[in-house]
Structures are given as C-alpha cells and as structure tokens.
Amino acid sequence: MSAPVQPPEARAETAHPEAAGYRAGRTLPLRVEAMRQLRRRRTLLMGGVLAALPFILIIAFAIGGTPDGEDGGGGRGGGSRINLMDVATESAANFAATSLFVSAGFLLVIPVALFCGDTVASEASWSSLRYLLAAPVPRVRLLWSKLVVALGFSLAAMVLLPVVALAAGTAAYGWGPLKLPTGGALSAGDTVPRLAIVVAFIFVSQLVTAGLAFWLSTKTDAPLGAVGGAVFLTIVGNVLDAVTALGSWRDFLPAHWQFAWADALQPQLEWGGMIKGAAVSVTYALILFALAFRGFSRKDIVS
C-alpha cells in the first residue's frame with residue numbers, strides 16, 4: 001500500500017522545517033542591531049568625547065576669561081563665530097548654541113561618518129557579513145536595519161552635545177534668555193524650540209556625509225576607508241565652498257548651507273536658507289543611499 005501523497009506545502013515544511021516560521025521582515029530586528037552597536041567601544045568613546053566637549057569649553061573660558069570679541073580672522077561665517085563667542089557665557093542657552101557652532105563644521109561630522117561608514121564594512125572585515133546573509137537575512141533588510149540604527153545613533157550624538165551643554169552651562173552660567181548675536185534676546189521659553197530646530201537642521205545637513213559613508217561602506221571591506229573617505233569628501237566640499245570664483249555653483253554644495261541654522265537664532269525665525277540647504281542635502285543623500293542599496297544587491301559577498 002503506497003503512502004498518501006502530501007500537498008506541496010507539507011512536503012516543503014517537512015524538507016525544510018527551519019522555514020516554517022521564517023519571516024524576512026523579522027530578521028535582524030532594529031533593537032538587536034541597536035544593542036550590538038551600542039556595546040561597541042567606538043560608540044562609547046564617541047559619546048564620551050561629545051559629552052566632554054562642553055566641559056572643555058567651560059575650562060577654556062575660565063582660563064582665558066570672558067570672550068572679548070576680538071576678530072580672529074575673516075572668511076565665510078567668521079562674523080557669526082565672533083558674535084556667538086561674544087555672548088557664549090551669558091546663559092546656558094548661549095553656551096549650548098556656541099558649542100553647536102564650534103562642533104558643527106567638523107566634530108559632528110565624525111560620529112555620522114563613523115556610525116554610517118563602519119556599520120557594513122566592519123561586518124565584512126570580521127568575515128561575518130556572509131553569515132548574516134546566510135541566516136538568511138535579506139540584503140535589503142540588512143542594509144535597512146543598519147542604516148536606520150546608524151542614523152539613529154548619529155542623531156543621538158547631535159542631541160547629546162546640546163543637552164550636556166545646557167546642563168553644564170546652567171551650572172556654570174545660569175539659566176536665562178538666549179541673547180542673540182544681532183541684538184535682542186529670545187525668552188527662556190523659546191530657547192529649547194529654537195535649539196531643537198538648530199539640531200534638526202544640522203542632522204539633515206549631515207545626511208550627505210551619512211550617504212557618502214554608507215555607500216562607501218558597501219563598497220569596501222575596510223571600515224576606516226569608508227569613514228575616512230566620507231570625512232575627506234566632506235572636507236573637499238567645504239574647500240570648494242570657499243572658492244568664491246565658483247559663484248552661484250556653490251549653491252549646489254551642501255557645505256554652502258551648513259550654517260544656515262543661524263537663521264533660527266534671529267528675533268524673527270527665517271526658514272529660507274534652511275529649506276534650501278535641507279533640499280540640497282536630502283537630494284544628495286537619497287541618491288547616495290539608492291546607490292548603496294543598488295550596488296549591494298548585486299555585489300558578490302565573499303567576506
């Protein structure tokens with residue numbers, strides 16, 4: 001007597017019992033990837049550096065005295081720096097704004113490049129990338145999880161700095177209105193929303209660096225190459241923006257708008273520059289993210 005014929009679904013489940021509960025969308029959950037990245041030494045080190053910066057500035061002001069507004073040099077944005085430094089110690093809000101300014105041009109680029117450039121390339125350097133894909137974790141799912149977590153850590157780094165600066169500034173200089181570089185002041189109630197706008201714009205403007213780092217991370221097995229390459233290209237953008245001979249072509253450079261957030265520190269909030277800068281940054285970032293997903297989906301994974 002022959003055995004009963006099983007339906008195709010039952011035969012597949014019997015042959016591959018591990019596939020019975022498999023759901024591609026449940027592989028590599030965000031919380032798992034976030035905990036993996038949080039425990040890494042470079043994450044803790046970067047958090048410590050950003051948290052220490054406000055205290056370093058407080059010590060510098062204590063040693064050097066109250067900023068006197070002497071012109072330390074020209075260049076684009078030089079006037080904004082001098083004015084911000086003039087009022088840096090007036091209140092916690094002013095101190096937080098100054099901390100953001102002195103770090104936005106370079107220091108805040110580092111965590112973005114690190115978190116986005118190290119995430120895929122590090123798996124390749126450890127020879128664990130192919131095992132993740134064999135789990136099996138779909139390639140799009142793997143990139144999506146890593147990108148979301150990397151951007152989340154980048155945003156957390158940018159939030160950490162002003163939060164610590166506000167706390168340290170309150171202890172050192174007291175809480176009060178935000179004195180504006182152009183004159184006047186913002187009430188204490190308007191301070192936090194304006195600083196939140198500043199942080200949000202800095203994050204959006206750094207999406208270009210995130211896109212560069214993430215794209216390079218899918219192209220190389222060397223994490224430092226992806227991180228360093230993104231930082232280098234960001235610096236190149238800043239150099240090109242300083243070439244005034246480029247004229248209106250500089251409007252298409254993300255670096256040209258990186259300090260447009262100063263419009264949020266005006267008596268009347270101005271959105272024009274920030275909207276233009278955000279549009280340029282998001283456009284570049286979407287192209288770079290698309291290149292990363294497209295290239296990785298066709299890449300032979302051998303490490």
Side-chain angles (χ1 to χ4, degrees), residues 67-88 97-114 116-117 154 158 180-183 197-217 219-220 224-266 268-292 295:
D68 55 12
E70 291 183 0
D71 192 342
R76 184 175 179 272
S80 298
R81 179 184 180 187
I82 295 166
N83 289 332
L84 281 173
M85 296 299 289
D86 285 346
V87 295
T98 303
S99 298
L100 284 170
F101 185 87
V102 300
S103 58
F106 182 74
L107 181 59
L108 290 180
V109 174
I110 303 300
V112 176
L114 182 63
C116 294
S154 300
M158 296 181 187
L180 303 176
T182 55
I197 293 174
V198 170
V199 172
F201 177 79
I202 292 176
F203 174 72
V204 172
S205 67
Q206 294 296 341
L207 286 178
V208 179
T209 300
L212 283 169
F214 194 71
W215 174 60
L216 291 174
S217 185
K219 306 295 288 185
T220 179
L224 288 179
V227 176
V231 173
F232 173 75
L233 292 174
T234 301
I235 294 174
V236 170
N238 291 333
V239 172
L240 290 176
D241 182 56
V243 181
T244 56
L246 291 175
S248 60
W249 286 103
R250 294 188 300 162
D251 293 346
F252 297 97
L253 295 173
H256 186 68
W257 306 98
Q258 63 179 328
F259 292 111
W261 57 264
D263 293 340
L265 303 182
Q266 304 293 336
Q268 185 66 33
L269 182 60
E270 300 178 10
W271 292 98
M274 289 188 286
I275 291 175
K276 293 178 182 177
V280 171
S281 297
V282 170
T283 300
Y284 278 108
L286 289 177
I287 293 173
L288 290 166
F289 289 145
L291 288 174

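No experiment lies behind these values; they were computed from the predicted model shown.
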- Is the closest side-chain donor-acceptor distance between D241 and Q258 under 3.5 Å? no
- Message: Regarding S281 and S205, do their side chains bring together a donor and an acceptor under 3.5 Å, going by distance alone?
- Response: no
To check you understand the geometry: which heavy-atom pair defines the closest contact between [X] and [Y], and what is its length?
X: T98; Y: A88; answer: OG1-CB, 3.4 Å
X: V243; Y: R250; answer: O-CD, 3.5 Å
X: F106; Y: I235; answer: CE1-CD1, 4.1 Å
X: A260; Y: F201; answer: CB-CZ, 3.8 Å
X: A104; Y: F259; answer: CB-CE2, 4.2 Å
X: V198; Y: A264; answer: CG2-CB, 4.0 Å

- Message: Can you confirm whether V280 sits close enough to W257 that some side-chain heavy atom of one is under 4.5 Å from a side-chain heavy atom of the other?
- Response: yes
- Query: Given side chains that start at C-beta, do those of M274 and I197 come closer than 4.5 Å, heavy atoms only?
  - Reply: yes
Say you draw a straight line from [atom1] of [X] to [atom2] of [Y]; how long is it, rounded to the nearest 0.5 Å?
X: T220; Y: W215; atom1: OG1; atom2: CH2; value: 11.5 Å
X: Q206; Y: L212; atom1: CD; atom2: CG; value: 10.5 Å
X: L265; Y: F101; atom1: CG; atom2: CZ; value: 10.5 Å

- Tell me, with the steps shown, if I202 and V199 meet side chain to side chain contact (heavy atoms under 4.5 Å, CB included). CA-CA 5 Å; I202 292 176; V199 172; 5.7 Å; no
- Message: Working note: F214 + L288, criterion side chain to side chain contact (heavy atoms under 4.5 Å, CB included); need CA distance, chi angles, decisive distance, verdict.
- Response: CA-CA 8 Å; F214 194 71; L288 290 166; over 6 Å; no
- Yes or no on side chain to side chain contact (heavy atoms under 4.5 Å, CB included) for S154 and C116, after CA distance, side-chain angles and deciding distance? CA-CA 8 Å; S154 300; C116 294; 4.2 Å; yes
- Task: Decide side chain to side chain contact (heavy atoms under 4.5 Å, CB included) for L286 and Y284; before the verdict, give the C-alpha distance in whole Å, the side-chain angles of both, and the deciding distance to 0.1 Å.
- Result: CA-CA 6 Å; L286 289 177; Y284 278 108; over 6 Å; no
- Message: I need the single residue from I110, V231, L108, V112 that forms a side-chain contact (heavy atoms from CB on, under 4.5 Å) with T209. Which is it?
- Response: V112
- Item | T234 (side chain) donor-acceptor with A230 (main chain) under 3.5 angstrom | yes
